[in-house]
Structure formats: C-alpha cells, structure tokens
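Below is one structure, written out as structure tokens; comments come after it.
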Protein chains: 2
Amino acid sequence: MQPVCVLLLSINGFEVQKQNCRWLLVTHKPCTKDDVIVALRNANGDAVLKFEPLVLHVQCRQLQDAQILHSVAIDSGFRNSGITVGKRGKTMLAVRSTHGLEVPLSHEGKLMVTEDYIDFLLKIANQKMEENRKRIERFYSCLQHALERQSIIRSYPKEKVNKKINAYSPKKKRNQEKARDRCIAEENDKELENNDSPGISAAVFPEDDEDLVLTCLW
Amino acid sequence: MQPVCVLLLSINGFEVQKQNCRWLLVTHKPCTKDDVIVALRNANGDAVLKFEPLVLHVQCRQLQDAQILHSVAIDSGFRNSGITVGKRGKTMLAVRSTHGLEVPLSHEGKLMVTEDYIDFLLKIANQKMEENRKRIERFYSCLQHALERQSIIRSYPKEKVNKKINAYSPKKKRNQEKARDRCIAEENDKELENNDSPGISAAVFPEDDEDLVLTCLW
C-alpha cells in the first residue's frame, strides 16, 4: 500500500501509452534529483515523471459492504473512489485519490527542464508521497471504526443499537471520537491519481458480522 | 462537456488546495505559450498548469442504469469512472478519465521552467484536449448504442430479444457494428484526471423503457 514515484518513458511522442513505455525508475521511497538524472540518461524518447498514489481494488460480497468501504474511502480523502457492479453482480470498490503528478521532462531524448526544476519537482513529489502515506493510515483507522460500528449495528436489534453505541466506556468513546476525527476529510484534501497505478487488489468477504477477510489478489 | 486547460495558483506552497487558490487562466480551447506567460505575470505564489478532462456526474434512477452508463464510460476510455450509492439509495455515476496533466511551473512567484518548456507543455496539453473531445464523442455514440440495445431488451419478452436483435436490416446491423467498434477502448487509452475538474452533472431517469431524460444540475 505504498505510493509510487515513477519515471515513465514514452517512445511514441506525447501520448503516454503503457504498451510502448518502459520504466526508467520506479521507487516507493522518496527519491533525489541524482536518482532521476541517472535514470534520464537512458531516455531516448519522451520521459515523464509521474507520482502515483494508492490504488486499492476491493471485491465485496454485497453492495452494502462496498457502500461502507466507499464512504470510508471518501471520508479519508480518496475522493475518486467508486463502485463497479458487473453484469453478474460482481461488486468491486476502487479506492482512488486525486493526489498525483504528471510532468513531461524530455522530448526525443532532450531534457526540457533544468536540474534545479527536477530538484524542485522532487520536493513536491516526495511531499505528496508522505501525504499519501498519511492518507493510507487515515483510511485504515476509518475502516476499523466503520467495521466496529457495523458489527454493533448488525449484532443487535435496532432498538438496542443506539443504546449499545452510547454504552461505551469513556475511554472507548474518546477513541471512537479520535477515529471519527481522523475520518473527517479536509475539503482541501484534493488529490490526483492515475488509473494505471501499480495498485493493490483485495477481496472483502464478511465472514461474520464482526470480521472482514482481506485477500491480496496480487 | 468541454475539457478544460487551466493554470492554477496555490498561495500556500506545494500543496495545491482549492480554497487557497485562484485561477490565473481557464480555457476550454487550445491555448498558446503567450496566454500562459501573460497569466503567470499575476502569480506571486506557486503556479501549476493542469489539464483537466471531462468529469460527468449522472444521477440514475436505479443501479441497473448506472451499470449501463458505467460500462459505456469504461468502454469509451473513461477508465476511472465509478458508481456511488448513498445511504438512502441515491445512485450516481461519475464519468472520469485519467487523461490529464499537473505540472508545477513557478515557486513563490519565480518561474521554474523556460518559455520553450511551456511551449512544449502546451502542445501536449492541447493534444490531450483534442483527444478528450474525441473520447466525449465516443462516449455519446456508445451511450446511444447501449440505450438502443436496452430499449429492445426491455420492450420484448426475453425469448424474443435475441430474435429481434438479429432481425435488423443489414444496414442497421452494420451501423450497430460500427457503433460497437467505436466503443472498443484501446488498451493504450490510459488517461489522467482530476477530481476537482469543473464537471457536468446530470440526472438520468428512464421515463419509459426507451428513453432517458438528461437534466443538467449545474
């Protein structure tokens, strides 16, 4: 679930097309100007620097599970998340953000920017990488909170739910409030995202009212 | 349904935050280096050039309608499209692509790139704008084809549907095949998109089995 900072080379002009590209540099860690400069030495086409944030695909047993996950994703700042329902009812949630960068750097092997600009650009990319890490943590906290709440709602008759929710110990209640606070997506949490991000896929099947099983598909 | 090429100014450092930004230049038409250079004269913070492709929000009467639209959107190349189902069942489809650019240009009022680079960048942005226009046309064609097909499926008993579909005149069949061909999304149609795009919202309510009513919400 790490964000990725990559240099992508397109050998067919402006259109960045996956088939005709090779990766010059792919890293899940902050990178330096020198890393990029060295990678660009191998570029004889059009090199593009892309920062690609988290993409998580979750297969859900039912639409309700996808709705819960979708709500958590949006509240955590992954504002381009969406549900896909196949013709046979296969329900997937794609967690996507808008927190990226796509910056053309060279054309036909010729570097179009200065090294100072690359340094400036990497500060931004590395900052986005760190911000993305925080958002992943926020998503995890929000998901735990949502599942805890769902387990209560599903486990008790409706009339008892509110009573049960309000019956937490002060400490647990404070923790809930903290978790809820972490779930509040600031309006300025606008992020960029690329659909082609090396993403994570998982299957979410509630085994009972209280657990979700996450199975990594790749 | 025009794509937008904008210059976005962030006055709070690297993080591009909508609240603290003002638009230096917003255009739905191809723009030139001079347009951007003039706009940048007003920038005393961090200016970012963004190309933002189509965003279309469609409220659907039922999930099935959203599934049809979602399938059309994906097949047309809008690969970040997704369905949202609210707690009260409000079903929305967001048509999103991945066909964008986000390029930091200046820091604290200082231009970090050359005018030649801006010229190079605008060729790419303008090309993406044209590509986006084509994809919007493809989406419209695919939608017409899908609705025509749905109207047949909904209007006839199941056992007659295939017979009816296969009973087209050769000309109509050829037109269908052409439309279907236009709907095939090339694997290399990977696009970038920003969630904050000035989008279009619409409500899709099938008034009967054969029609959809599109109502612009803003």
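Computation of the quantities below employed the complete heavy-atom set of this structure, encompassing side-chain atoms and omitting hydrogens, waters and symmetry-equivalent molecules. Every chain is numbered from 1 and lettered A, B, ... according to where its sequence line falls, protein lines coming before strand lines.
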A:Y117 and side-chain contact (heavy atoms from CB on, under 4.5 Å): which partner among B:V113, B:L111, B:T114?
B:V113
Choice from B:Q64, B:K87, B:H70, B:Q67 maximising heavy atom contacts with chain A below 4.5 Å:
B:Q67
Please report the interatomic distance CG(B:L101) to CG(A:L101), rounded to the nearest 0.5 Å.
11.0 Å
Separation between NZ (B:K128) and CD (A:E102), nearest 0.5 Å, reads 5.0 Å
B:D34: side-chain hydrogen bond (donor to acceptor under 3.5 Å, both in side chains) partners, not counting sequence neighbours
none
Which bit of A:S81 is near chain B, if near means a heavy-atom gap under 4.5 Å: side chain, backbone, both or neither?
backbone
From CD1 (B:I124) to NE2 (A:H107), nearest 0.5 Å:
8.0 Å
Closest heavy-atom pair, A:R79 versus B:R96, reported as atoms and distance to 0.1 Å, is O-NH2, 3.9 Å
Quick check: do A:V85 and B:V85 have side-chain heavy atoms less than 4.5 Å from each other?
no
Between B:S106 and A:F120, what is the shortest heavy-atom contact and its length?
O-CZ, 4.0 Å
Please state whether the side chain, the backbone, both or neither of A:L63 comes within less than 4.5 Å of a heavy atom of chain B.
side chain
